[in-house]
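Below is one structure; the comments refer to it alone.
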Amino acid sequence: MRRKIVAGNWKMNGSKDLSEKLVGYVRGEAGSLDNGVEVVIIPPALYVGDVLAQARGAVSVGVQNVGQWQSGAYTGEISPEMAKDAGCHYVLVGHSERRQLFGETDELVAEKVSLVIASGLTAIVCVGETLAERDSGEAESVVADQVRKGLVAVEQAEDAGKAWKRIVVAYEPVWAIGTGKTATAEDAQAMHASIRSVLKDMGAPAEEISLLYGGSVKADNAAALFSEPDIDGGLIGGASLVAEDFVSICRYVPAST
Ligand code: 13P
């Protein structure tokens with residue numbers, strides 16, 4: 001059975017105060033979520049300690065990015081080993097903002113994914129097309145290419161069975177991020193089914209890999225998205241900064257049957 005996950009990516013937002021209040025609230029509500037959803041909070045790395053202190057095991061924690069090295073003279077970077085040491089379980093890799101603003105390529109994504117899974121953490125690997133790519137009918141092929149290239153190290157891992165267990169894929173169409181435009185549930189489902197078939201082609205246990213949708217997910221569209229058979233939860237930006245909204249979104253994940 002696939003894990004259902006709702007993850008809040010705070011991006012470059014938040015504070016000690018938010019870490020305390022929002023995470024404290026989410027922890028309190030997490031106990032009453034009876035749908036089996038795993039709630040994950042991904043704050044700026046500086047606040048991981050504050051978030052973990054409030055999460056107390058009821059909420060999982062991740063980082064938004066890591067460098068492609070485990071240690072050394074790389075000023076400003078953090079490594080997957082450090083994220084693990086600090087108490088994180090998840091690492092976002094290849095978010096479209098990293099790809100667009102920091103020049104991350106599929107090859108760099110693959111290097112990072114390889115280190116993350118070697119550390120025993122789970123990589124949430126982000127993929128998604130631009131509006132121009134969607135308009136020109138290339139969305140599925142662009143995303144398939146990102147999946148194949150970004151996950152090549154998993155496919156080739158010595159113990160691929162174990163490596164695939166540490167992969168979650170997040171489909172985030174670039175045009176839907178922070179814009180208030182969401183993919184329709186049908187379009188998102190079609191892309192998720194396509195991603196699952198690419199994973200199958202790569203030899204992955206595709207039916208066991210959680211696929212999250214991200215891009216302007218709000219309390220009023222989450223139910224439709226999460227009811228699709230290949231959408232196993234969400235990666236939430238803006239709405240994850242408002243405690244009640246984030247918890248409402250978590251509640252919309254249907255209980256597994
Ligand atoms: P929004 O929910 O703000 O559109 O952001 C989505 C996202 O990029 C999450 O990683």
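Read the numbers this way: they start at 1 and go in the same order the structure lists the ligands and their atoms. Any value given below was found using the heavy atoms of this structure, including those in side chains, with hydrogens, waters and symmetry copies removed. These numbers come from a predicted model, not from an experiment.
Atoms of ligand 1 found under 4.0 Å from any heavy atom of G215, numbered from 1 in the order shown, are 4 (O), 6 (C). Atoms of ligand 1 found under 4.0 Å from any heavy atom of A176 (numbered from 1 in listed order, with element): 4 (O). Near L235, meaning under 4.0 Å from one of its heavy atoms, ligand 1 places the atoms 9 (C), 10 (O).
Distances from ligand 1 to the non-hydrogen atoms of A239 include no value under 4.0 Å. Using a 4.0 Å cutoff on heavy atoms, K218 does not count as a contact of ligand 1. Ligand 1 lies less than 4.0 angstrom from a heavy atom belonging to S216.
Considering backbone and side-chain N/O atoms, K11 comes within less than 3.5 Å of an N/O atom of ligand 1. The N/O atoms of G238, backbone and side chain alike, include one that comes under 3.5 Å of an N/O atom in ligand 1. Residue E97 has no N or O atom closer than 3.5 Å to an N or O atom of ligand 1. When only interatomic distances are considered, the shortest N/O to N/O separation between G178 and ligand 1 falls below 3.5 Å. Considering both main-chain and side-chain atoms, I236 never comes within under 3.5 Å of ligand 1 through any nitrogen or oxygen pair.
In the displayed structure, K165 atom NZ is contacted under 6.0 Å by at most 12 heavy atoms of other residues, nucleotides or ligands.
The protein heavy-atom contact nearest to atom 2 (O) of ligand 1 is G237 N, 2.9 Å. Protein heavy atom at the shortest distance from atom 7 (C) of ligand 1 is E172 OE2, 3.1 Å.
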field: Pair E111-W69, side-chain contact (heavy atoms from CB on, under 4.5 Å): steps then yes or no
entry: CA-CA 9 Å; E111 281 184 55; W69 313 276; 5.9 Å; no
task: Check step by step if side-chain contact (heavy atoms from CB on, under 4.5 Å) holds for I177 and K11.
output: CA-CA 12 Å; I177 294 178; K11 309 193 179 185; 3.4 Å; yes
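Between L199 and I167 there is no side-chain heavy-atom pair separated by less than 4.5 Å.
Side-chain contact of S19 with Q54: a donor-acceptor pair under 3.5 Å is absent, judged by distance alone. Q146 and D106 share no side-chain donor-acceptor pair at under 3.5 Å.
Atom CG of L225 and atom CG of L212 lie 12.0 Å apart (nearest 0.5 Å).
Counting heavy atoms under 4.0 Å from ligand 1, residue N9 touches it through the side chain alone.
Under a 3.5 Å cut-off, the side chain of N35 and the backbone N or O of C250 do form a donor-acceptor pair.
With hydrophobic clusters built from ILVMFWY side chains whose heavy atoms lie under 4.5 angstrom apart, V217 shares a cluster with L241.
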